[in-house]
Each structure stands twice: as C-alpha cells, then as structure tokens.
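Proteins come first, then strands; the chains are lettered A, B, ... in the order of their sequence lines, and each starts at number 1.
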Number of protein chains: 2
Amino acid sequence: MRELLSNLKIQIPEQLFVKDPESSDLGKRIVEQSIILIDDLGFESFTFKKLGAAIGSPESTIYRYFENKHKLLLYLISWYWAWLEYRVAFATANVATSEDQLRNCITAICETVKQDQNFSHINEELLQRIVISESSKTFLTKEVDLENKNGYFQNYKNLIERLVRIISDINPDFKHPRTLASTLLEANHLQKFFGEHMPSITDCERKDEQLIQFIETMTSSILNYGTKRS
Amino acid sequence: MRELLSNLKIQIPEQLFVKDPESSDLGKRIVEQSIILIDDLGFESFTFKKLGAAIGSPESTIYRYFENKHKLLLYLISWYWAWLEYRVAFATANVATSEDQLRNCITAICETVKQDQNFSHINEELLQRIVISESSKTFLTKEVDLENKNGYFQNYKNLIERLVRIISDINPDFKHPRTLASTLLEANHLQKFFGEHMPSITDCERKDEQLIQFIETMTSSILNYGTKRS
DNA sequence: GCAAATATAATAGTATTACTATCAAAACTG
DNA sequence: CAGTTTTGATAGTAATACTATTATATTTGC
C-alpha cells in the first residue's frame, strides 16, 4: 500500500479550491498545517488566522487557496475519501468472491490508520481523526443541496458506489444496498467516536476488532437474511 | 399518545440552562422561537440576536436562560430524547414479546413526526428536523468529554439503555447491544437526511417505510445471526 | 539577462458574532 | 407597599470571517 501514492494523484473536485494547493509549496504547507491544527483545536476553534500563524503567512494568503474554512474542510475530507477509495480498490483487487471483497473493504474502511513515515505532506492518521469528528459537518448544513449539486461530495459518492456494486453482487435481490453502504461508512465513524468519548453507548473499545466484527456481522447477516428465508 | 405530555414533565439536566425556561412565559417563548429559527436558518446562522428579535427582547435576556447557543441546542436535543423515550416506553408497554417491543421501538423512533395541533410551546415536528440535522453537533466537539462527564447527554443515554435492555432480552448472547442501539438511532437520522438531500447514497425515499424496513431487517438479522448458526 | 507577469507579504479595514456590563423600569411577592 | 426579582434598553469588547490595497519577492517567457 505504501507505494500507492507515489504515482497516483488524488483527484479533488476543483470547485473546492481557488488555487490548487498541490501546485505550490505554500499550498502544501497550508494543507499540512491545517490538518494538524484542525485535529488539535477542533474545527470550530480553527481559524485562518491561526493557520496563517502556523505557516508564517498572513491569513489573506490562505484565502487565495481556499474560499473559506468550510471549503478547506471539504477539500480535506474529499481527499480522504479518494484516498480511502484507492485503498479499498487495492484491497479488493484479485479477490475472487464478492464476499471476500466486502470483508476486505470493511477492514480497509474500519482500520485505524497508523503511519510511521510521512510520504506526503498529508498525515493520514490525523486526517482520519478529523474525518471521524468533523466529516458530517461538511454536509449537515443549509447549503447541502447546492453543494451537492456542485459536486462537492463526489468522492464520497464514488466510494459508496464502489461498495454498492459489491453488495449488489453478493445479493442482487437486496433492497437497500445504498442504505447499507452509507450506514456502514458512517457507523464506523460514529462508533469510533463513541468508543473514545462516550464508551457507555457502544461496545467498541479503542481497538478495531469489535467494531469490525460488528460491521461484518451486520452486513453478512442482513445480506443473507432474505435469501436464506425465501 | 396525545395526552402523554399533559401530566408529565420532560426532565432536562439542569446544567443545561441558567434559568429553567419552563419557569416563565418568556422562557417558553425563547424555546419555542429558537426551534422555529434553528429549523429555518440552520444552527450555524442562528444567533441570540436574531432570537431576541423574534421574541422582541434584547439578546442579553436570552443569556439569562441559556449560557450560549450550544447549550440551548443541547437543551432542545435533550428534550427530544426524553420525549422520544416516553414514546418508546408507551409503544412497548403491555407488549408481550421482546421482538414485538423492539419492532415498536423502531417504528416510534423512525416515524416522521406530524403534528396538527400544538399542545405545548414545543413543535415536535420541527424539533425532529433539528435533531436530524443538528444533533450530532452537540457531541462532535472538543468539549465532549467534559460535557459527557457533566451529564449533558444523560437523556440520550437513557434512551439507548432502554433499547439495549430489549435487545439483550431478545438475544442475551449478542455481543454488541450498545453498538446496535446507537447505530440504529443515528442511522435513522442519517438516512433521513440523505433521503432528503443526497438521494443517490440511500434507498430511503421521503416516506418512512423503506427506512423502517431496513432498520428492522438489520436488527432482526443481526440478532438472529449468531443464534441460528451456533 | 531582463521585462512582464504572477505570487506572496504586510497592513488596514469592515460587518458580524458572542458575549459582558450597567442601570432603569416593570412585575411579582411577602 | 416595600423589597426582591425579572426584564428592557443600551453600550461596549474581543474575536471572527472576511475584503482591499500596496509593496516586495519570485518566477517565466523571450
């Protein structure tokens, strides 16, 4: 998996930035430091002024790359979905059965990222933590319909579509492949968050195993439910 | 269900308000109008100044009831959980089997609220929409651990605990009753939101049926999965 | 190698937000 | 009806989320 990114460029909808941050050193530092800062402060307390201080530039510079902090968050989350889709694609390549493919998908999705080396300016470990705590804020807004129409969530949808294909392959009669795919993705975040911050409402501890087991059991059982009965 | 609230008072953790809004007419108007405004503007654009204008009072008055808008949101969401727990409690009363109880719970939870008459100052229909779009913002913050310790989420936990008891009753060997209960609650919101705003990633349309069917199938299948196999 | 274009820095400024403070007028309360 | 509590009216502050302007680098195209 490590070489994955050396030749592939993660594609982000260009509506999400004013100037592509990958196109300059400063842009990369903006992205790099924004991840560190958002993870540290939380999105609400994160400001372009603080980010400017972190990179040693005035905040007006950041506005040349991102229209506002909401779009910067969208950019980061979008990057994560694209990255995760590649991981999922690799995890399912050359795997014979759809059942095994889905199992591998679930592991790839639910695995807590640990990275020792930094290959790029993006720290995926921190970014995953941001996704867990902040990603739903990208769409839980009054602007969601417009932003959806503008393609801001394309990478998220692509990932879900990939899961849907596998799910439908396992059980073509299953009536809720999209619902299952999006539930699966979001339940992963939520349960990880609960495990860390509200342990009394989850059985998932810090380790990934219980969560993966729950999600695997949930998907297997729901996909077999109809077929075995009828 | 209608008489439910006439003699019962919804209990809200008193840490969530400075002065109990139920204790005065003004307090009730603050709550009433805040629901209308948050639903209309979204939580980000909602301000105490606008709320003040809506009730014809200066914003400083609102601060005498709620420390800030985050706590007001916590109050509203907390009210909803308590209200929903009563509904769930009634929906399961005198129901013989745990399986039927759980089915009734799911219906009570997933049913879109429609209210023709206003019995109280709280419009549950609007409030449910707020819960769908805004409730996760109450805990997806950097202050979650402190707020959790302070009991801000007690009503949410109570509801989950009630579901957990029924789930464990159906299958005492099931290893993830809490995970299932919280997933069920949150998936309901998420899928409703997707159904309305991002229909391509869900199979749930505006009507409740498909969502209820998915959640029922999911819970039934996962709770039967272990038992039938082993 | 230099002019022209572009990117960044430095600074200033604005409207709005999220409060806090003060004091007077109303309204209830014993 | 005196005293307490509640509300209204007004003012003020620090921070946020931008926008604008001008000067200085830096890159690039010829």
message = If you assign each of B:E67 and A:I55 to its closest nucleotide in DNA chain C, which residue comes earlier from the 5' end?
response =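 Result: A:I55.
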Measure from [atom1] on [X] to [atom2] on [N] and round the result to the nearest Å.
X	N	atom1	atom2	result
A:H70	D:dT16	NE2	C1'	17 Å
A:N68	D:dT16	CG	C1'	13 Å
B:K69	C:dT16	NZ	P	15 Å
B:L37	C:dT17	CG	P	13 Å
A:L51	D:dA17	CG	C1'	14 Å
B:I62	D:dT6	CD1	C1'	15 Å
B:K71	C:dA18	NZ	P	16 Å
B:F46	C:dC19	CZ	P	12 Å

Quick check for you: among [options], whose closest atom lies nearest to any side-chain atom of [X]?
X	options	answer
A:Y63	D:dC18, C:dT17, D:dG8	D:dC18
B:T61	D:dA17, C:dA18, D:dG8	D:dG8
A:P58	C:dA7, D:dT7, C:dA9	C:dA9
B:L26	D:dC18, C:dT8, D:dG8	D:dG8
B:S60	C:dA9, D:dA20, C:dT20	C:dT20

Below 4.0 Å: OP1/OP2 of C:dT8 and any side-chain N or O of A:K19 = yes
message = Please confirm whether the shortest side-chain N or O distance from A:S57 to OP1 or OP2 of C:dA9 is below 4.0 Å.
response = yes
inquiry  = So A:K49, base contact, sugar-phosphate only, or nothing? Heavy-atom distance under 4.0 Å.
reply    =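 Nothing, no heavy atom under 4.0 Å.
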task = Would you classify A:Y65 as touching base, sugar-phosphate or nothing, given that sugar-phosphate means primed atoms plus P, OP1 and OP2, and contacts are heavy atoms under 4.0 Å?
result =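 Since only primed, P, OP1 and OP2 atoms lie under 4.0 Å of A:Y65, the category is sugar-phosphate.
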request  = Would you mind checking if A:E44 and A:K137 are paired as a salt bridge, meaning a charged N to carboxylate O distance below 4.0 Å?
outcome  =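 Between A:E44 and A:K137 there is a salt bridge, with a charged N closer than 4.0 Å to a carboxylate O.
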query = Starting at the 5' end of DNA chain D and moving along, which residue's nearest nucleotide shows up first, A:E59 or A:R64?
reply =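 Nearer the 5' end of the strand: A:E59.
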message = Can you tell me which residue among A:N104, A:N188, A:I215 is in a side-chain contact (heavy atoms from CB on, under 4.5 Å) with A:I109?
response = A:N188
ask   = Can you say whether the rings of B:F66 and B:Y75 are parallel (under 30°), tilted (30 to 60°) or perpendicular (over 60°)?
value =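 Perpendicular, since the angle between the ring planes exceeds 60°.
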remark   = Note: A:P177 and B:D203 closest approach over all heavy atoms is N-OD2, 3.2 Å
request  = Please step through salt bridge (charged side-chain N to carboxylate O under 4.0 Å, His left out) for the pair A:K9 and A:D20, ending with a clear verdict.
outcome  = CA-CA 12 Å; A:K9 201 194 162 205; A:D20 186 357; 3.1 Å; yes
